[in-house]
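Below is one structure, written out as structure tokens, with a few remarks after it.
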Amino acid sequence: MLEQLRDALLADIASSAAQRKVTERIHVIYENSIEDEVRDSLRRDTAKDRKYAQLCSRIPDINLIRKVTDKIAKVYNKPALRKVKTGTVADQELVDYYSSVLALDAKMNTANKVLEWGRGCALEPYIDAKTGKPKLRVLAPYQVRAYSGDLDDPLSITAVTKIMGQITRIDPTTLKEFKTTLYHTYSDDEFMQWTDHTIDFVEPNPVGRIPIIWLNRSQFRLNSYAPESDINSAVLVPKSYADLYYAMAYSAHSIWAAIDLELPDKIDHDPGAVLDLKTAADSADQGKQGRLETVKPTLDISGSLELIKQTVFDMLESRGIKPPQTTASLERPNASAALIENADASSYIIQSCAFFHSIENELWDLIKHLHNKMWIFMDSNIELKKTFSPGFKLDIVFAEVKPVEIKGTQLDNIKKQRDMGLMSRKQAVSEIYPHYTEAQVEAWLAEAEKEAEDAAKAQLTEAPLGNAEGASGRGDNSQDSGSDPRGAGPGR
């Protein structure tokens, strides 16, 4: 079957080349630096070498792709708890063994990060050829491609192809070397090794299923990919700072303008130097005596910084992160990192926990299949000569996701709006705990109201008889609990 799919697989891989290249660029940015991308963008915008060099010397180290990824990829920041829900003692021993030998939490943490910056990835359990031990491989989206031949369900996977990279082959006719790309493709029944030019071989798949777990959040695309806008937004912030610093360097003094003067060829024509202006040959001012004038540049620094802040906010919101409520300036480049740090991604991370719970169940089902069918018979590979039970089911618990603690300035702002009557208690609670559902907000308010009533009753009981203030439960200096956005709620 795979042999008949070869042309369709090749066409599908070729059609995704541009998408995979973008994803690979994002991987480089995440792992290394965004500076090369910023330099390339400045080079396209700048004709003069001297100006380009000055701009490049002002590029700040702001990697939004890394910052945003690390902000939301927190499912495995702490090890997950894995306990057998249905099964045997041997099942738990095998779970503990594979969790350790596969370095499962570390690998899944990597998968979480790749999923966020690349919008997809794959997991491949395998036996290491050197150690003979099981291992787990994380494949980036540009290294693997899923294919569906199902016309009824285009998200159903027919085959998965690993793009192994370029190799050198020899043409049997000309005996000349040539470059080609090597591919490994799995279906449930077959394995095929092939290249851009030929099929090397097709053989039965001994696993009996595709030995790869596909991670994809999209409900509409089988192969998700990171958009180039991620790179553009991430480049725009350090680039804008470089432009701003360059402009500020020359805004403190005037620019000379030489009108109808003969200037040496070595004069630099850029901000802070000299503008050489000549009257047109047919102008009425022809013959007018040359002169030197100055031009005082103007620069809207606050407007530029606000634009940078909005770019950061847009990038956060595009990933489901709630930007912080702040009026802080971005005069310092690391202030943009602080914006990301103070943003609330708890709702997104909670959704990610549910997603990875499902993925881990798929992975453990594959591990069970590989262990019982193949790995247990490899004497040098598996230390535990036991099998997973037929009814094996695992309970996976992730660390509690807590919202970003609201800052004092934000809390003061909410309190002011409450005092002015511009915000209800329900709105205030929703702002303080943005990860709460409407039902949770209502429950919080009900609990706070009950505690307030209990406190009032206790105060009334303890007040001396005949004391009007005590009977009322409050004095002249008491404050309405509604003025505090936390009300009289439980200590949190």
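Note that the structure is a prediction, hence the values are computed from the model and not measured. Positions are given from 1, in the same order as the sequence printed here.
Here the side chains of Ile62 and Ile34 are not in contact, with every heavy-atom distance at 4.5 Å or above. Under the 4.5 Å side-chain criterion, counting only non-hydrogen atoms from C-beta, Asp230 is not in contact with Val22. Between Ser99 and Trp364, the closest side-chain pair of non-hydrogen atoms falls below 4.5 Å. Between Asp188 and Asn205, every side-chain heavy-atom pair lies at or beyond the 4.5 Å cut-off. When side chains are defined from C-beta on, Asp150 does not count as touching Leu155, because their heavy atoms never get closer than 4.5 Å. Within the 4.5 Å cutoff, the side chain of Pro211 has no heavy atoms near those of the Val160 side chain. Proximity of Phe191 to Phe201: side-chain heavy atoms (C-beta onward) are separated by under 4.5 Å at one or more points. By the 4.5 Å heavy-atom criterion applied to side chains, Leu2 and Leu5 are counted as neighbours.
Applying the 6.0 Å contact sphere to CG of Leu81 captures more than 12 heavy atoms from other residues, nucleotides or ligands. The number of heavy-atom neighbours closer than 6.0 Å to CD of Glu438, taken from other residues, nucleotides and ligands shown, is 12 or below. For Phe220, the CZ atom counts as loosely surrounded, since its 6.0 Å shell holds 12 or fewer non-hydrogen atoms of other residues, nucleotides or ligands. The number of heavy atoms from other shown groups lying within 6.0 Å of CD (Glu203) is above 12. Other residues, nucleotides and ligands contribute more than 12 heavy atoms inside 6.0 Å of the NZ atom of Lys368. Atom NZ of Lys373 has more than 12 neighbouring heavy atoms from other residues, nucleotides or ligands inside a 6.0 Å radius.
No donor-acceptor pair closer than 3.5 Å links the side chain of Arg44 to the backbone N or O of Arg39. Under a 3.5 Å cut-off, the side chain of Glu317 and the backbone N or O of Asp314 do not form any donor-acceptor pair. Looking at Ser229, its side chain never comes within 3.5 Å of a backbone N or O of Asn232 through a donor-acceptor pair. Put simply, the side chain of Ser148 gets close to the backbone of Ser156: a donor and an acceptor are under 3.5 Å apart. Between the Thr311 side chain and the Leu307 main chain, a donor and an acceptor come within less than 3.5 Å of each other. For Ser16 (side chain) and Gln19 (main-chain N/O), no donor-acceptor pair under 3.5 Å exists by modelled atom type. In this structure a side-chain-to-backbone donor-acceptor pair under 3.5 Å is present from Ser15 to Asp12. The closest donor-acceptor contact from the side chain of Lys135 to the backbone of Pro125 lies at 3.5 Å or more, if one exists at all. Side-chain N or O atoms of Asn216 include one that pairs as donor or acceptor with a backbone N or O of Leu222 at under 3.5 Å. Side-chain atoms of Ser100 do not come within 3.5 Å of backbone N or O of Asp96 as any donor-acceptor pair.
Cation-pi geometry between Arg43 and Tyr52 is met: under 6.0 angstrom from the ring centre, within 45 degrees of the axis. A cation-pi arrangement is present between Arg217 and Phe355, with the terminal nitrogen or guanidinium carbon under 6.0 Å from the aromatic centre and inside a 45° cone about the axis.
Contact detail for Ala140 and Val114: the closest heavy-atom pair is CA-CG1, 4.0 Å. Closest approach of Asn342 and Pro324 over heavy atoms only: O-CB, 3.7 Å. Residue Pro60 comes nearest to Ala242 through the heavy atom pair CD-N, 4.3 Å, listed as atom of the first residue, atom of the second, then distance. Pairing each heavy atom of Ala111 with each of Leu215, the nearest pair is CB-CD2, 4.4 Å. Considering every non-hydrogen atom in both Asn32 and Asn63, the closest pair reads O-ND2, 4.3 Å.
Taking OH from Tyr246 and NZ from Lys51, the interatomic distance works out to 5.0 Å, rounded to the nearest 0.5 Å. Atoms CG and OG, from Asp243 and Ser304 in turn, are 9.0 Å apart once rounded to the nearest 0.5 Å. In this structure, OG in Ser33 is found 8.5 Å from CD1 in Ile59, a value given to the nearest 0.5 Å. We find the CG-NZ distance between Asn109 and Lys78 to be 13.5 Å, quoted to the nearest 0.5 Å. A distance of 10.0 Å separates NZ in Lys113 from CD1 in Ile72, rounded to the nearest 0.5 Å. Rounding to the nearest 0.5 Å places CG of Leu42 at 5.5 Å from CG of Leu55.
Each of Trp117, Tyr142, Tyr225 was checked for a side-chain contact (heavy atoms from CB on, under 4.5 Å) with Ile26, and the lone residue meeting it is Trp117.
Taking the six-membered ring wherever Trp is involved, the centroid distance between the rings of Phe356 and Tyr76 falls below 6.0 Å. Residues His371 and Tyr98 place their aromatic rings such that the two centres sit under 6.0 Å apart.
Between Arg66 and Glu31 there is no salt bridge, since no side-chain nitrogen of the basic residue lies less than 4.0 Å from a carboxylate oxygen of the acidic one. One finds a salt bridge joining Glu360 and Arg82 here, because a Lys/Arg side-chain nitrogen approaches an Asp/Glu carboxylate oxygen to under 4.0 Å. Between Glu24 and Arg20, no side-chain nitrogen of the basic residue sits less than 4.0 Å from a carboxylate oxygen of the acidic one, so the salt-bridge criterion is not met. A salt bridge is defined here as a Lys NZ or Arg NE, NH1 or NH2 lying under 4.0 Å from an Asp or Glu carboxylate O, and Asp395 with Lys83 fails to meet this definition. Ionic pairing of Asp365 and Arg209 is present here: one or more N-O contacts between side-chain nitrogen and carboxylate oxygen are shorter than 4.0 angstrom. Glu228 and Arg25 are joined by a salt bridge, as a carboxylate oxygen and a charged side-chain nitrogen come within less than 4.0 angstrom of each other.
Side-chain atoms of Tyr30 and Asp70 include a donor-acceptor pair closer than 3.5 Å. In the model, Tyr348 has a side-chain atom that pairs as donor or acceptor with a side-chain atom of Glu116 under 3.5 Å. In the model, Ser389 has a side-chain atom that pairs as donor or acceptor with a side-chain atom of Asp91 under 3.5 Å. Side-chain atoms of Asp128 and Thr131 include a donor-acceptor pair closer than 3.5 Å. Using modelled atom types, one finds a donor on one side chain and an acceptor on the other under 3.5 Å when comparing Lys239 with Ser41. A donor-acceptor pair shorter than 3.5 Å can be found between the side chains of Asp344 and Ser346. Side-chain contact, Ser302 with Asp300: a donor N or O sits under 3.5 Å from an acceptor N or O. Side-chain atoms of Tyr183 and Asp196 include a donor-acceptor pair closer than 3.5 Å. Judged purely by distance below 3.5 Å, without hydrogens or angles, the side chains of Thr168 and Lys179 pair a donor atom with an acceptor atom.
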Inset, instruction - Kindly determine whether Leu339 and Lys309 satisfy side chain to side chain contact (heavy atoms under 4.5 Å, CB included), including the steps that lead there. - result: CA-CA 9 Å; Leu339 285 181; Lys309 180 195 289 187; 3.8 Å; yes
Inset, instruction - Apply side chain to side chain contact (heavy atoms under 4.5 Å, CB included) to the pair Asp200 and Arg169, showing each step before the final yes or no. - result: CA-CA 12 Å; Asp200 293 339; Arg169 289 281 175 90; 2.8 Å; yes
Legend entry - side chain to side chain contact (heavy atoms under 4.5 Å, CB included) evaluation trace for Ile212 with Leu123: CA-CA 6 Å; Ile212 291 174; Leu123 299 169; over 6 Å; no
Inset, instruction - Report the C-alpha distance between Leu136 and Glu124 in whole Å, list the side-chain angles of each, state the deciding distance to 0.1 Å, and finish with yes or no for side chain to side chain contact (heavy atoms under 4.5 Å, CB included). - result: CA-CA 6 Å; Leu136 183 64; Glu124 182 186 20; 5.8 Å; no
